[in-house]
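A quick write-up on the structure given underneath.
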Amino acid sequence: MSVKVRFAPSPTGYLHIGSARTALFNWLYARHEGGKFYLRIEDTDRERSKDEFLQEILGSLKSLGLDWDGDLVFQSRRTDYYRKMADLLVQKDMAYGEGGALHFRSPKTGKIIVQDLLHGPIEFDLDQHLSLAEDLVIFKSDGSPTYNFAVVCDDADMGITHVIRGDDHISNTPKQLPLYEALGFQKPIFCHIPLILGEDRSRMSKRHGATAIREYVEAGYLPDALVNYLSLLGWSPGNNQEIISRQELIQKFELKRVLKTGAVFNKEKLEWLNGQYVRKLPIPELTDNLIPYLEKRRYKTEDRAWLERLVLLFQERIFTLNQFPDLAQFFFEENIEYNEEAHKEFAKDARLKNAFTRYAAMLESLPVFDAKTIEEKSRALMKDLEMSGKEFIHPCRVAVTGRAISPSFFETIALLGKEKATRRLRQAANSIK
RNA sequence: GGCCCCAUCGUCUAGUGGCCUAGGACGUCACCCUCUCACGGUGAAUACAGGGGUUCGACUCCCCUUGGGGCUACCA
């Protein structure tokens, strides 16, 4: 029998890191096994379910590249089916109505054993577990089914073979098991995977920082890097490999290798990993990815050849895409502001006033304006001025970029262009008293 | 409180009784490369929670303690 798994978000919020990882493990398992990955929308809470949340969840899933099979299943549209199942229970006197709600006659004594793929058998003793022995509400008084009831009905009806969900659902399972029995459904294989934790080891939530997948995508984390990182939270291929392509992930993913311990989400490592992916991207593709971030700042992007050269200059300096506009700001904006600390380097140096002036004139006279030529001529000028590389380059960098940090200086001058470079040098010269 | 789950460097992890004086990665620190930053390279520091067993031999198996987490809804 082929594998069928599902991811079942409730549209009461955005898709967060934890749910995304659950979705990913389901997806990886399905793709690895050549099975099906379904999406079921658990929108039985009419108050809190919102279409905007659904759209964001679907959007996030798509942006991660987690494609699903078949149509979406909406629990809100399946009330008739749940009703039918509930009636069945009432007929068998396994459920009864009370105050407008329907209760299931939960077993009162004995043990319920959850067979879990990762944890093995987990025993629940009803004699000790007071809340488990209470009759489970299966239909609310507003006419909608409760979570535990709908889940069982749907998983059975959809032919789900493996229920892969968060550890926080372990305690729901003994409530659901008797329902399978009562309805004569075949039980799926349960696999409870560990939660993703914040720095303080409590379940990851908003107070731990950004938790929405959308926020990471918008910040310029690459989908493949995100997927790669998430896959390493609670799972590993076992050979110390950290950078794993999507195809390899599908090939190597095994449910049995999933760990039982909660994993702390570490943004630094995600950033590093994203940097690795940025570095591997072909320049044209990286450029395409970067353009939206530039457009957001209204920076000019039409000179493709120039832009690609610029991107190449920054490829090894950015970890996330949104860092690019800030780092490359002085290439796009006409006027620069001096970084205060960096400006002190030349603010009162008369020798530099002369150096800047002569440098501007020299650059202006260059017939060819490429990095190689610029470097040759610049070094000659340094010699003439009796200045060392550092003495000359550092102040010039500040004069031309406003900052103490930039990509390779001569490349920077070349890409900045003759006009911007000379104008800024003269401006700097003039600012020196 | 009750029930349940979990336990290797700060973090993610390798490890399924001897290969472990515990390996990799992020981060940290030092050095190299160097026009700054970054990349890259080299190296260092840092972990089997504690106590009992089992065994010729435990990071690996069992028990207890401790610690952390989750669940305890007519939310999902």
Side-chain angles (χ1 to χ4, degrees), chain A residues 8-13 19 42-45 47-49 75 98-103 114 116 118-119 122-126 128-132 134 136-151 165-175 192 194-195 197 199-203 229 232-243 259-273 275-276 278-279 313-319 327 342 345 375 378-379 382 388-398 401 403-412:
Chain A
S10 66
T12 53
S19 326
E42 311 219 317
D43 53 354
T44 53
D45 184 338
E47 288 294 305
R48 298 199 297 143
S49 296
Q75 289 192 325
E98 190 184 83
L102 256 186
H103 291 250
V114 175
D116 187 279
L118 257 29
H119 299 273
I122 305 171
E123 224 177 73
F124 294 85
D125 190 337
L126 293 177
Q128 290 177 45
H129 202 128
L130 22 307
S131 76
L132 253 187
E134 283 169 23
L136 187 72
V137 175
I138 56 175
F139 257 89
K140 303 179 229 172
S141 48
D142 72 353
S144 62
T146 58
Y147 164 74
N148 281 121
F149 185 63
V151 162
R165 47 159 55 151
D167 262 352
D168 50 335
H169 284 286
I170 289 181
S171 48
N172 276 321
T173 316
K175 296 179 193 172
H192 290 93
L195 299 177
L197 280 20
E199 295 292 347
D200 61 358
R201 301 205 77 88
S202 70
R203 183 221 219 94
Y229 179 71
L232 259 19
L233 255 26
W235 176 83
S236 81
N239 58 353
N240 285 337
Q241 190 185 0
E242 307 254 17
I243 297 172
L259 264 31
K260 291 184 285 188
T261 37
V264 172
F265 180 82
N266 185 245
K267 202 175 165 190
E268 282 69 44
K269 187 151 185 178
L270 204 211
E271 258 185 39
W272 168 79
L273 194 61
Q276 297 296 308
V278 165
R279 250 132 263 163
L313 227 48
F314 281 95
Q315 184 173 34
E316 291 187 342
R317 286 160 225 271
I318 57 173
F319 291 86
L327 288 178
E345 282 238 34
E375 175 153 13
S378 301
R379 297 225 181 258
M382 286 177 222
S388 71
K390 285 188 183 181
E391 282 175 318
F392 182 80
I393 291 174
H394 287 184
C396 285
R397 184 197 312 281
V398 177
T401 69
R403 314 171 176 200
I405 296 168
S406 83
S408 163
F409 178 68
F410 302 111
E411 296 276 3
T412 297

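Chain letters run A, B, ... following the sequence lines, proteins first, then strands; residues in each count from 1. Just so you know, these numbers come straight off a predicted model, no measurement behind them.
Residue A:V137 has its side chain nearest to B:rC74 when only B:rC12, B:rC74, B:rU8 are considered. For A:K260, whose side chain is taken as the heavy atoms from C-beta onward, the closest listed nucleotide among B:rG27, B:rC6, B:rC39 is B:rC6. When the nucleotides B:rA76, B:rC35, B:rC3 are ranked by their closest atom to the side chain of A:N172, B:rA76 comes out on top. Of all nucleotides listed (B:rU72, B:rG70, B:rC39), B:rC39 comes nearest to the side chain of A:E316. When the nucleotides B:rA76, B:rU36, B:rG27 are ranked by their closest atom to the side chain of A:I405, B:rU36 comes out on top. Proximity note for A:Y147 (side chain, C-beta onward) versus B:rA76, B:rC74, B:rU8: the nearest is B:rA76. The side chain of A:S236 lies closest to B:rA14 when the candidates are B:rG2, B:rA14, B:rC75. Relative to the side chain of A:S408, the nucleotides B:rU36, B:rC12, B:rC75 differ in distance, and B:rU36 lies closest. Side-chain atoms of A:T44 lie closest to B:rA76 of the nucleotides B:rC74, B:rC4, B:rA76. Out of B:rC74, B:rG27, B:rA76, the shortest distance to the side chain of A:W272 is found at B:rG27.
Counting any heavy atom pair closer than 4.0 Å across all strands shown, A:G262 reaches sugar-phosphate atoms only and no base atom. Residue contacts shown for A:F319 are limited to sugar-phosphate atoms, with no base heavy atom under 4.0 Å away. If you check every strand for non-hydrogen atoms under 4.0 Å, A:R203 touches sugar and phosphate atoms only. Residue A:L195 is classed as a sugar-phosphate contact, given heavy-atom separations below 4.0 Å to backbone atoms only. Nucleic acid contact class of A:S406 (heavy atoms, under 4.0 Å, all strands): base. Nucleic acid contact for A:E123: sugar-phosphate only, since backbone atoms but no base atoms lie under 4.0 Å from a heavy atom of the residue. Nucleic acid contact for A:G275: none, since no nucleic acid atom lies under 4.0 Å from a heavy atom of the residue. Using a 4.0 Å heavy-atom criterion, one finds that A:E242 contacts the bases of the nucleic acid, with or without backbone contacts as well. When heavy atoms are screened at a 4.0 angstrom cut-off, A:F314 is found touching no nucleic acid atom at all. Residue contacts for A:E375: at a heavy-atom cut-off of 4.0 Å it reaches no nucleic acid atom on any strand shown. In this structure, A:L259 reaches the sugar-phosphate backbone alone: every heavy-atom distance under 4.0 Å involves primed, P, OP1 or OP2 atoms, never a base. Across all strands, A:A263 comes closer than 4.0 Å only to sugar-phosphate atoms, never to a base (heavy-atom distances). In this structure, A:P194 reaches neither bases nor backbone, as no heavy-atom distance under 4.0 Å exists between it and the strands shown. Note on A:S144: nothing from the nucleic acid sits closer than 4.0 angstrom, heavy atoms only.
Spacing between B:rA7 and B:rU60 at atom P, rounded to whole Å, works out to 11 Å. Across the P atoms, B:rC5 and B:rC62 are found 13 Å apart, a figure rounded to whole Å. To the nearest whole angstrom, the two P atoms, one in B:rC71 and one in B:rA45, are 41 Å apart. Across the P atoms, B:rC59 and B:rU8 are found 15 Å apart, a figure rounded to whole Å. With C1' as the reference atom, B:rA49 and B:rG27 are 23 Å apart, rounded to whole Å. Taking atom C1' on both B:rA14 and B:rA25, the two are 11 Å apart, rounded to the nearest angstrom. Taking the C1' atom of each, B:rG52 and B:rU66 are spaced 14 Å apart, rounded to whole Å.
In this structure, A:L270 places its CG atom 19 Å from P of B:rA25, rounding to the nearest Å. Rounding to whole angstrom units, CG of residue A:L197 and P of B:rC12 are separated by 8 Å.
Across all strands shown, B:rA44 forms a Watson-Crick or G-U wobble pair with B:rU28, both key distances being under 3.5 Å. When both distances must be under 3.5 Å, the Watson-Crick or G-U wobble mate of B:rA22 does not exist. Partner assigned to B:rA7 is B:rU66, using Watson-Crick or G-U wobble distances below 3.5 angstrom. Taking a pair to require two hydrogen-bonding distances under 3.5 Å in either a Watson-Crick or a G-U wobble arrangement, B:rC74 remains unpaired.
How far NZ of A:K260 is from CG of A:D167: 10.5 Å, rounded to the nearest 0.5 Å.
Side-chain to base pairing of A:S141 with B:rC74: one donor and one acceptor N or O lie within less than 3.5 Å of each other. Within 3.5 Å, a donor on the side chain of A:R397 pairs with an acceptor on the base of B:rC35, or the reverse. Scanning atom types as modelled, one donor and one acceptor separated by under 3.5 angstrom connect the side chain of A:R48 and the base of B:rC75. At a cut-off of 3.5 angstrom, counting only N and O atoms as typed in the model, there is no donor on one side facing an acceptor on the other between the side-chain of A:Q241 and the base of B:rG24. Side-chain N/O atoms of A:N239 and base N/O atoms of B:rA14 include no donor-acceptor pair closer than 3.5 Å. One cannot find a donor-acceptor pair under 3.5 Å joining the base of B:rC3 and the side-chain atoms of A:S171. At a cut-off of 3.5 angstrom, the base of B:rG70 holds no donor-acceptor pair with the side chain of A:D167.
Regarding contacts with the backbone of B:rC35, every side-chain N or O of A:R403 stays at 4.0 angstrom or more from both OP1 and OP2. The phosphate of B:rA76 has neither OP1 nor OP2 within less than 4.0 Å of any side-chain N or O from A:H169. Residue A:K269 places none of its side-chain N or O atoms closer than 4.0 Å to OP1 or OP2 of B:rU13. For A:Q128, a side-chain nitrogen or oxygen approaches OP1 or OP2 of B:rC3 to under 4.0 Å. Checking the phosphate oxygens (OP1, OP2) of B:rG68, no side-chain nitrogen or oxygen of A:S202 falls inside 4.0 Å.
With sequence neighbours left out, the salt bridge (charged side-chain N to carboxylate O under 4.0 Å, His left out) criterion links A:K140 to no other residue. With sequence neighbours excluded, the residues forming a ring-ring contact (aromatic ring centres under 6.0 Å, His included) with A:Y229 are A:F265, listed by chain and number.
Nearest heavy-atom pair across A:H119 and A:H192 is NE2-O, 3.3 Å. Across A:K390 and A:P395, no two heavy atoms sit closer than the pair O-CD, 3.8 Å.
At distances below 3.5 Å, at least one donor-acceptor pair connects side-chain atoms of A:R317 with backbone N or O atoms of A:L313.
With hydrogens and angles left out, the side-chain atoms of A:T146 and A:N148 include no donor and acceptor closer than 3.5 Å.
With A:T401 as reference, A:S406 is the one residue of A:C396, A:P407, A:S406 to meet the side-chain contact (heavy atoms from CB on, under 4.5 Å) rule.
Projected onto RNA chain B by closest heavy-atom contact, A:H129 and A:F410 fall at different nucleotides, the more 5' of which corresponds to A:H129. Where A:I170 and A:S131 meet RNA chain B, the nucleotide closest to each residue was compared, and A:I170 sits on the side nearer the 5' end.
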- Task: Take A:R279 and A:E316 through the test side-chain contact (heavy atoms from CB on, under 4.5 Å) and record every step on the way to the result.
- Result: CA-CA 6 Å; A:R279 250 132 263 163; A:E316 291 187 342; 3.9 Å; yes
- Message: Is there a side-chain contact (heavy atoms from CB on, under 4.5 Å) between A:M382 and A:I393? Walk through the geometry before answering.
- Response: CA-CA 9 Å; A:M382 286 177 222; A:I393 291 174; 4.1 Å; yes
